[in-house]
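Right, one structure below, let's go through it.
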Protein chains: 2
Amino acid sequence: MDPHLLRTYVTVARLASFSEAARELGYTQSAVSQHIAALEQDLGATLLTRRPVAPTAAGERLLDHAGPLLLRLDAARADVVRMAAAPAHGLSLAAAPTALTARAVAALPAAGVTLRVLPREEIPAAVATGTADLGLVDGLAAPSDPLRLPDVAPLTTHGAGEEPVRVLLPTGHPLARRPGLRLGDLADARWLDAPDAGLPLAHLRAANGGHGFRPALRYEGTDVRTLTTLAAAGHGLALLPESAATAVPGATAVPLTHPRVVHRMELVYVGSLAGAAATLARALGARG
Amino acid sequence: MDPHLLRTYVTVARLASFSEAARELGYTQSAVSQHIAALEQDLGATLLTRRPVAPTAAGERLLDHAGPLLLRLDAARADVVRMAAAPAHGLSLAAAPTALTARAVAALPAAGVTLRVLPREEIPAAVATGTADLGLVDGLAAPSDPLRLPDVAPLTTHGAGEEPVRVLLPTGHPLARRPGLRLGDLADARWLDAPDAGLPLAHLRAANGGHGFRPALRYEGTDVRTLTTLAAAGHGLALLPESAATAVPGATAVPLTHPRVVHRMELVYVGSLAGAAATLARALGARG
DNA sequence: ACACTCGATAAGCACTCCTGATGAGACGAT
DNA sequence: ATCGTCTCATCAGGAGTGCTTATCGAGTGT
């Protein structure tokens with residue numbers, strides 16, 4: 001199972017074409033054909049149907065594995081290379097959209113920081129592969145419980161604060177006057193689905209036994225303001241940290257009383273912090 | 001970063017010898033030397049000091065990555081191969097020690113099952129690499145929260161029941177008469193440390209901010225009866241699921257009132273269940 | 001001082017892996 | 001139906017890789 005072969009396999013599967021994959025990878029079509037044949041012989045299973053080119057059942061399983069595998073490989077290489085390379089001069093921070101509270105932004109130094117906003121799931125990968133020196137992820141969790149992060153590499157995490165969670169709804173909404181809301185009562189409401197902006201509706205549905213939490217409008221992007229505007233306009237409910245949900249024109253943020261979850265922020269990095277990264281981490285309120 | 005090179009690297013690091021590693025891998029010493037040289041050139045960093053052979057800082061990082069990486073690789077291969085191979089006749093179940101409640105054991109069919117008890121952390125790997133068809137893991141979690149499992153491969157998990165947690169102490173112990181105990185009050189007590197038998201003291205310490213929960217006696221093994229006997233003899237406290245902690249001669253099991261955690265069991269498998277495995281899963285009480 | 005162990009290096013050779021050319025189906029247009 | 005075209009499989013050849021054997025140089029213990 002040469003990573004090379006794996007890489008050509010995933011591109012062939014993605015492009016659904018041997019010749020296209022060959023062009024993209026800089027090989028000849030012949031080489032790609034031989035790669036796939038070698039993989040199939042090695043594993044003792046046909047991975048792709050030809051004409052049309054599509055993964056078989058076994059091929060689908062391999063695809064599930066291949067992504068994380070190649071990612072980990074990149075992460076390992078980046079990690080080791082980083083130790084040998086000269087320390088970077090700038091400092092780059094990858095943050096989830098809703099993790100960028102005013103407090104976090106205020107903690108950034110005046111100059112020399114590159115800030116990149118990414119979907120939450122991609123942040124550990126970005127940190128592991130060296131795209132960012134420091135990651136700031138967030139998510140819902142039971143109070144003082146650590147977040148569940150995809151483990152692409154051995155990463156270190158530090159808690160960096162928690163805050164209450166609120167349900168954002170249009171001011172005219174019948175539930176907007178309530179002092180608090182229970183999530184279970186909102187399963188049948190219309191929700192915003194914004195996986196990249198930190199509103200993982202699928203998680204809520206899963207926590208509710210797979211029922212309810214049907215998406216009304218799906219937003220693909222990482223802008224929280226857009227999200228709050230959509231919620232205010234009645235396109236669906238949004239579950240947001242207090243700091244992101246307050247002071248939204250035309251919307252009311254009602255505290256969530258049950259289940260007892262908080263919006264938690266965590267700092268992610270590889271190895272140990274040094275220099276500017278350590279300073280920033282302290283400023284962001286990282287606690288052991 | 002050929003997995004081959006990675007594999008020889010980890011064995012060299014483990015054996016702290018090029019020649020020994022060559023013998024174990026069936027290569028010549030020369031080949032091993034060239035492998036390491038190739039890796040070092042590829043990554044642009046020296047990974048090992050020679051004489052004595054020991055990993056450098058960069059090498060240590062690579063070692064951290066290599067284990068999970070090679071494991072995932074094995075898991076991927078096993079998963080794909082399994083799809084092509086004939087379905088196994090027997091059914092093998094890997095279970096964590098404290099996950100084997102009387103209810104679980106009663107659910108096993110009369111014949112045709114291979115049962116293997118493993119430390120909790122190894123079960124996902126065993127299932128992923130095909131060593132077991134079905135895994136039964138357990139652990140402490142907030143009520144209805146899923147467990148945190150090392151993700152070696154894309155695995156499916158199903159909740160399979162929760163039960164209260166109890167602190168097991170000798171009947172004569174001053175705290176044994178209490179109706180309930182708070183974990184925070186027990187940080188300074190003497191605890192049993194049994195990582196393989198499902199008593200991860202390190203987790204308790206981590207949850208407590210790294211303080212307290214000092215190990216009194218460390219037990220390396222997977223036998224729960226031994227553990228309860230040790231607790232009854234006063235060698236240290238043990239945190240166990242209700243079903244494992246009750247009816248222990250000489251010991252009293254006091255409910256844990258805070259934090260609100262439960263002992264949760266989950267079924268782990270790869271892909272979807274079929275045949276005997278599905279029947280067993282239903283019997284074990286798996287819920288969607 | 002000596003033999004011995006261990007890792008690095010050099011040379012040789014088999015084998016791998018790529019390219020370029022050709023073959024074999026499938027599909028659409030005429 | 002026939003042709004042209006597109007796509008993947010196969011074949012043959014050559015550059016390069018990766019292994020082995022052989023030898024060296026540097027520590028190490030006797």
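Residue numbers start from 1 in every chain, and the chains themselves are labelled A, B, ... in the order their sequence lines are given, proteins ahead of strands.
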Query - Set of side-chain hydrogen bond (donor to acceptor under 3.5 Å, both in side chains) partners for Asp223(A), sequence neighbours left out - result: Thr226(A)

Requested in this report: Give me the residues of residues 19-26 of chain B where at least one heavy atom lies under 4.0 Å from an atom of DNA chain C, by number, or none.
Outcome: Ser19(B)

Query - Side-chain donor/acceptor of Thr222(A) to backbone N/O of Pro97(A), under 3.5 Å - result: no

Query raised in the report: Does Glu24(A) use its side chain to pair, donor to acceptor, with the backbone of Thr11(A) at less than 3.5 Å?
Result: no

Query raised in the report: ring-ring contact (aromatic ring centres under 6.0 Å, His included) with Phe18(B): which residues, sequence neighbours excluded?
Result: none

Requested in this report: Taking the side chain as every heavy atom from C-beta outward, state whether Leu136(B) and Leu267(B) have any atom pair closer than 4.5 Å.
Outcome: yes

Query raised in the report: Do Pro215(B) and Arg205(B) have side chains that get closer than 4.5 Å, going by heavy atoms?
Result: yes

Report task. For each nucleotide in nucleotides 22-30 of chain D, reading 5' to 3', give B when a protein heavy atom comes within less than 4.0 Å of its base, S when such contact involves only the sugar-phosphate, and - otherwise. Result -> ---B-----

**Report entry** Arg50(B), CZ: over 12 other non-hydrogen atoms inside 6.0 angstrom
**Finding:** yes

Query raised in the report: Take atom CZ in Arg148(B); do more than 12 heavy atoms of anything else shown fall under 6.0 Å from it?
Result: yes

Report task. On DNA chain C, check which nucleotide each of Ser17(B) and Gln34(B) is closest to and give me the residue with the more 5' one. Result -> Ser17(B)

Look up atom [atom1] in [X] and atom [atom2] in [Y], then write down how far apart they are to the nearest 0.5 Å.
{"X": "Arg7(B)", "Y": "Leu25(B)", "atom1": "CZ", "atom2": "CG", "result": "5.5 Å"}
{"X": "Leu134(A)", "Y": "Thr114(A)", "atom1": "CG", "atom2": "OG1", "result": "12.5 Å"}
{"X": "Asp196(A)", "Y": "Glu122(A)", "atom1": "CG", "atom2": "CD", "result": "7.0 Å"}

Query raised in the report: Can you check whether Tyr219(B) and His235(B) have ring centres sitting under 6.0 Å from each other?
Result: no

Report task. Enumerate the residues from residues 40-50 of chain B whose closest heavy atom to DNA chain D is under 4.0 Å, giving them by residue number; use none for an empty result. Result -> none

Report task. Could you check whether Val53(B) gets within reach of a base, just the sugar-phosphate, or nothing at all, counting any heavy atom under 4.0 Å? Result -> sugar-phosphate

Query raised in the report: Which two nucleotides bound the region of DNA chain C that has atoms under 4.0 Å from heavy atoms of chain A, read 5' to 3'?
Result: dC18(C) to dA26(C)

Report task. Using a cut-off of strictly less than 4.0 Å, decide whether Thr28(B) has a side-chain nitrogen or oxygen near OP1 or OP2 of dC19(D). Result -> no

Query - Between P of dT21(D) and OH of Tyr27(B), the distance in whole Å - result: 14 Å

Query raised in the report: Between Thr131(B) and Thr129(B), does any side-chain donor sit less than 3.5 Å from a side-chain acceptor?
Result: yes

